[in-house]
J.: 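Quick one: structure below, then a few questions.
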Amino acid sequence: MAHLSAFERPILLQKLSSEHYDLVIIGGGITGAGIALDAASRGLKTALVEKYDFASGTSSRSTKLVHGGLRYLKQFEVALVREVGHERAIVHELAPHLVIPEKMLLPIVEGGTFGKFLTSIGLMVYDVLAGVEKPDQREMLTKEETLEHEPLLQYAPLKGGGLYAEYRTDDARLTIEVMKTAARFGADSINYVEAVEFEYDKEGMVCGIVCKDELGGKKFSIKADYVVSAAGPWVDDLRQINHSMNEKHLFLSKGVHIVVPHHQFPVQQSVYFDVPDGRMIFAIPRGKVTYIGTTDTEYKGDVDHIVANKEDVDYLLKAIAHTFPQIKLESSDVVSSWAGVRPLIHEEGKSASEISRKDEIFESSTGLISIAGGKLTGYRKMSEKIVDLVVKRRYKNDGIKPPVCRTEHLDLCGGEALPNSKAVKKYIKKTYKKIENGGLTKHDAWYLVSNYGTQSETIVKRFFEFRPLHL
C-alpha cells in the first residue's frame, strides 16, 4: 500500500525517480485519480504527478453536483444522458456519504425553454435514461405546489414546476477519496511535481517524463511503459511539448459561481431555472450561503490564473433578477466566488453552451495517450476507457487475457460499511452520540460523516486524545 503523506514526500520522490512503472499519469484531478485507481486495482504499477494541489483545477471548480445530465437532453445527447445517469448511481453506491441525493426544482415559466407537457416528458425520459429509482423519479407540480417548495418564485411568470433527482457532492473531496483509494492499491501519487518534458526510447516512443519538484526545485525522471495525460485544461500544452497537436484541440469554457449570504437569497431548496439567453442556472442553498452558477463562455486567458470578473458576476446577478425580481443583489453582496474552465473538445461553429460534454482520447504517434472533455460524473467510465487501452497495448503480444475493470464495485475510502443513504443517516446519529460530550453539535456530526464517512471514527478518536491539550 502506498501512502499519501507529506511526511513521506522525500521517500516518495526517491521511489519515483528510481523505479520503473507500468503507467505514469499527468494530472491530479478527478480523471487522473480515477485512472490511477483503475490501473492500480488491475495490478499495474502506477504513478501520478500533479503540478499544484490535487483537485486544484477543474475538479474543484464545478457546481458540486454529480448530476445525471438533464441539460444534455436539450442537445439530444441521449447516449450521454444514459451514461452519466448510470455512472451517477454507481458513484453514489461507492460513496453514499459523499454523493448525496437531493431534489432539484425546475420551475416552468411563461416563455421558458419547455412548456409543462414537454418538461414532464423530458423528465420522464431523463428518469428512464438515467436509471432513477422510483422514490426519486420526477414529480410534476402545480403552480401552488411549486410555490410551496419555493416561495421566492412568487413573482416569476410561473405555470408550474417539476421535481427531479440530483446528487450533491464536494468535488475536491471526492477526488481526494478516489486518490486515497488508489493508494490502497499501491498507486504512488504526488503533488507539486510538474511534468515538463517527455523522454523517448530509441524508436522515438514515449518512455517516461521529466519532472520538476516545485517545492525542492530539482528535476528528475520517472520511467514508465505508458504515459497518460489527464491534465484537463493543460492537455494541449503537453501535446505541444510532445509535438502531437493536430486538427483536434481543446475549447476552454469558463464557468463561474458566486456565493451570497443565504439571508439575502433565502432559497428553500435547490432550483434550476431559465435565463433570457436560453441557458439554465443553478441556485443552491448550503448552510449559511447560497451559491449560483454557472457561466459558460469561451476562455483564452491564463489557465493558471482564472478569476471571476465583473462581467461574469453581472451576468449571474441579472439571471437571478430575471427569475427572482424581488431579490435585490449587487456585486457588493457577493462574499466569494470560484472560477474554472471546462476542457471541451472544439467543434467548429459551436458556442461554449452548444459544444458536447463527451470525452475524447487522443493518441500520438509517439505513444502519448491524452484524454479531455467529459464530466465529473463520468470520471470512472473515462478512466476505464483509458486503462482498457493501456492493458490492451500491454498484453497484446503476450497471449494473456488483460485484467478487467473492477472500480464499479470498489468502495471509496469512507464508504465502507455504508451501503446506502439510510445507513449514512444512522452513522451520523451514531457519530453524534460519540461527540456530544465533547461539546460538538449534530451539525458537526453531519459535517464529519458527509465529508469523511467511516473515517470520522479516526478523527473523533484523535479529537478526544488531543482535546485535553486545549483545555
J.: Heavy-atom count around Lys385 NZ within 6.0 Å, excluding the residue itself: above 12?
T.: yes
J.: Would you indicate whether Glu408, at its atom CD, is surrounded by more than 12 heavy atoms from other residues, nucleotides or ligands within a distance under 6.0 Å?
T.: yes
J.: If you draw the axis of the six-membered ring of Trp338, does the NZ or CZ of Lys64 fall within 45° of it and under 6.0 Å from the ring centre?
T.: yes
J.: Assess whether atom OH of Tyr52 is packed by more than 12 heavy atoms of other residues, nucleotides or ligands within 6.0 Å.
T.: yes
J.: In terms of the angle between their ring planes, are His257 and Tyr291 parallel, tilted or perpendicular, with boundaries placed at 30° and 60°?
T.: perpendicular
J.: Should we count NZ of Lys116 as having more than 12 external heavy atoms under 6.0 Å?
T.: yes
J.: Are there over 12 heavy-atom neighbours, none belonging to Lys248, within less than 6.0 Å of that residue's NZ?
T.: no
J.: Would you please test Arg42 and Asp388 for salt bridge (charged side-chain N to carboxylate O under 4.0 Å, His left out) and show each step?
T.: CA-CA 10 Å; Arg42 295 200 211 189; Asp388 279 349; 2.9 Å; yes
J.: So that I can tick it off, tell me whether Lys254 and Asp312 are bridged by a salt bridge, with the cut-off set at under 4.0 angstrom between side-chain N and carboxylate O.
T.: yes
J.: Can you confirm whether Ile176 sits close enough to Phe54 that some side-chain heavy atom of one is under 4.5 Å from a side-chain heavy atom of the other?
T.: yes
J.: Identify whether the distance between the nearest side-chain nitrogen and carboxylate oxygen of Asp127 and Arg82 falls below 4.0 Å.
T.: no
J.: In terms of relative ring orientation, are Phe324 and Phe273 parallel, tilted or perpendicular, with 30° and 60° separating the classes?
T.: perpendicular
